[in-house]
Amino acid sequence: MLTGKHILVGITGGIAAYKAATLVRLLVKKNAEVKVIMTEMAKRFITPLTMATLSKNPVLADFFNPENGEWNSHVDLGLWADAYIIAPATANSVGKMAAGIADNLLLTAYLSAKCPVFVAPAMDLDMYRHPATLGNIETLQSHGDIIIEAESGELASGLEGKGRMAEPETIVACIGSYFEAPFSGLRALVTAGPTYEKIDPVRFISNYSSGKMGYAIAETLAQQGADVILVSGPTHLSPLHPNIRRVNVISASEMYEECMHLFPSCNIAVMCAAVADFTPEKQEENKIKQKTDLTLSLAKTKDIAAELGKIKRDGQILAGFALETDNELNNAREKLQSKNLDFIVLNSLNDTDSGFGIDTNKITIIDSSGEETWFETKPKKDVARDIASHIRQKYGQITDFEL
Ligand code: C5P
């Protein structure tokens, strides 16, 4: 999938620069043509000789060759590359990229790049979680850059936390799946976030869902070529990929209406929203006054996944989630069947690294064939990639399908 692809690797000055050697080696092994740009600081962490030898091309660092005046055109590099991967990307370079500063060849090539840009940040945990860095990363995402998130673990500083550059294998897999674009030409519906069920003008019933898992799935499917419609309950998140159209809803009944309308024209639907199961039978027009007690009468909401399961046509893929506290596998299997899903993603509230609001998840995928696949605890973005791979496998089994 990377054969013959022109990959520009930008290395900035952090200790993770040593991992760029493995990255380049893996890309070359996959038959990509690789050129390397290094910043001045990067050259102190790993030698240009190493990178030139591994990439089989001279390393670029300056705007021109001081010996013969030959110009290293960032515009030509930007046009040459099919993908630009900046790994490691230090807090300094991420900040400059977000601000459009262009004081070295790596940054000018970034601004000139016409191709997808992948950014693999690496820094100390305090720098990584500083609002300035988080804001800069968000700015890059809003420009369409693909962020390959740093991993948690032991850092060069001796501290433990998030900031280690993603492993070279992960970066190569991410670039590879981009070029494969396995979902191109397909339409995917993703639901995310909680719903709010109104009691009166100031109160509602809801749950702790942050929407992070659903947004990560929408992002991954879009990165892999799908046209995504994200039906989202209230969250603080914004979808970033240009191929995602967001439809905002508040209540379970609004989400139901949108999904029933959209699903017939979609190839794939992933029901990730934590839809309220009950809604007040009556919504008060005025704020309910203080009193000694209050009894709310609740009615069952429509089960959106189950309703889509009833109208699902051959060739459409419908996936659901199950967040369980007890009897997890049996409950998930029962939901898989009763909702007519193609697979269900089980996460347990008993796992400390799974559930609402946090950035990691531990899942088991149970397929309609009965097969179970167990995964390690991973960042939600990587979990989204695993789910996308499962959809890809299932979709590969569909031979003849037209909407
Ligand atoms: O039954 P439970 O709520 O645990 O089922 C979870 C799955 O069903 C999730 O995929 C969720 O998005 C979906 N669901 C739904 N509509 C509901 C309740 C759940 O689509 N009213």
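Whatever order the structure lists them in is the order used to number ligands and atoms, beginning at 1. On a predicted model such as this, the values are computed, not experimentally measured, just so you know. As a basis for the values below, the full set of heavy atoms in this structure was taken, side chains included, without hydrogen atoms, waters or symmetry mates.
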Quiz item: Among all protein non-hydrogen atoms, which one is nearest to atom 14 (N) of ligand 1, and what is the separation to 0.1 Å?
Solution: D303 OD1, 3.8 Å
Self-check item: Validation row: T133, R129 side chains within 4.5 angstrom (heavy atoms)
Solution: no
Quiz item: Centre of F375's six-membered ring, under 6.0 Å away, within 45 degrees of the axis: is that where NZ or CZ of K362 sits?
Solution: no
Practice problem: Look up atom CD1 in I387 and atom CD1 in I363, then write down how far apart they are to the nearest 0.5 Å. | Solution: 4.5 Å
Quiz item: Can you list the ligand 1 atoms lying under 4.0 Å from a non-hydrogen atom of T301?
Solution: 21 (N)
Quiz item: In the protein, which heavy atom is nearest to atom 3 (O) of ligand 1, and how far is it?
Solution: D277 OD1, 3.8 Å
Quiz prompt | Nearest non-hydrogen protein atom, atom 6 (C) of ligand 1 | solution = F321 O, 2.9 Å
Self-check item: Residues E33 and K35 bridged, charged N to O under 4.0 Å
Solution: no
Quiz item: Which atoms of ligand 1 sit under 4.0 Å from any heavy atom of G320?
Solution: 10 (O)
Exercise. List the closest protein heavy-atom neighbour of atom 20 (O) of ligand 1: residue, atom name, distance to the nearest 0.1 Å.
Key: A305 N, 2.8 Å
Quiz prompt | Closest protein heavy atom (residue, atom, distance) for atom 17 (C) of ligand 1 | solution = V275 CB, 3.5 Å
Practice problem: Let me see the working for S369 and D367 under side chain to side chain donor-acceptor pair (under 3.5 Å), right down to the final yes or no. | Solution: CA-CA 5 Å; S369 64; D367 194 83; 3.0 Å; yes
Quiz item: Any N or O of T191 that comes nearer than 3.5 Å to an N or O of ligand 1?
Solution: no
Exercise. Considering only non-hydrogen protein atoms, determine which one is nearest to atom 21 (N) of ligand 1 and report residue, atom name and distance to 0.1 Å.
Key: K302 O, 2.9 Å
Quiz item: Nearest non-hydrogen atom to atom 1 (O) of ligand 1 belongs to which of E307, M271, K339?
Solution: K339
Quiz item: Does the N or O separation between I304 and ligand 1 drop below 3.5 Å for any pair?
Solution: yes
Exercise. Please state whether the rings of F63 and W71 are parallel, tilted or perpendicular, taking 30° and 60° as the class boundaries.
Key: parallel
Quiz item: Considering only the protein, which heavy-atom contact is closest to atom 4 (O) of ligand 1, and what is its distance?
Solution: K335 NZ, 2.5 Å
Quiz prompt | CG on L230 to NE2 on H241, rounded to 0.5 Å | solution = 13.5 Å
Practice problem: Give the minimum heavy-atom separation between P234 and I250, together with the two atoms involved. | Solution: CD-O, 4.0 Å
Exercise. Return a yes/no value for A273: is any of its N or O atoms, backbone included, closer than 3.5 angstrom to an N or O of ligand 1?
Key: yes
Quiz prompt | Presence of salt bridge, E149 and K381, under 4.0 angstrom | solution = yes
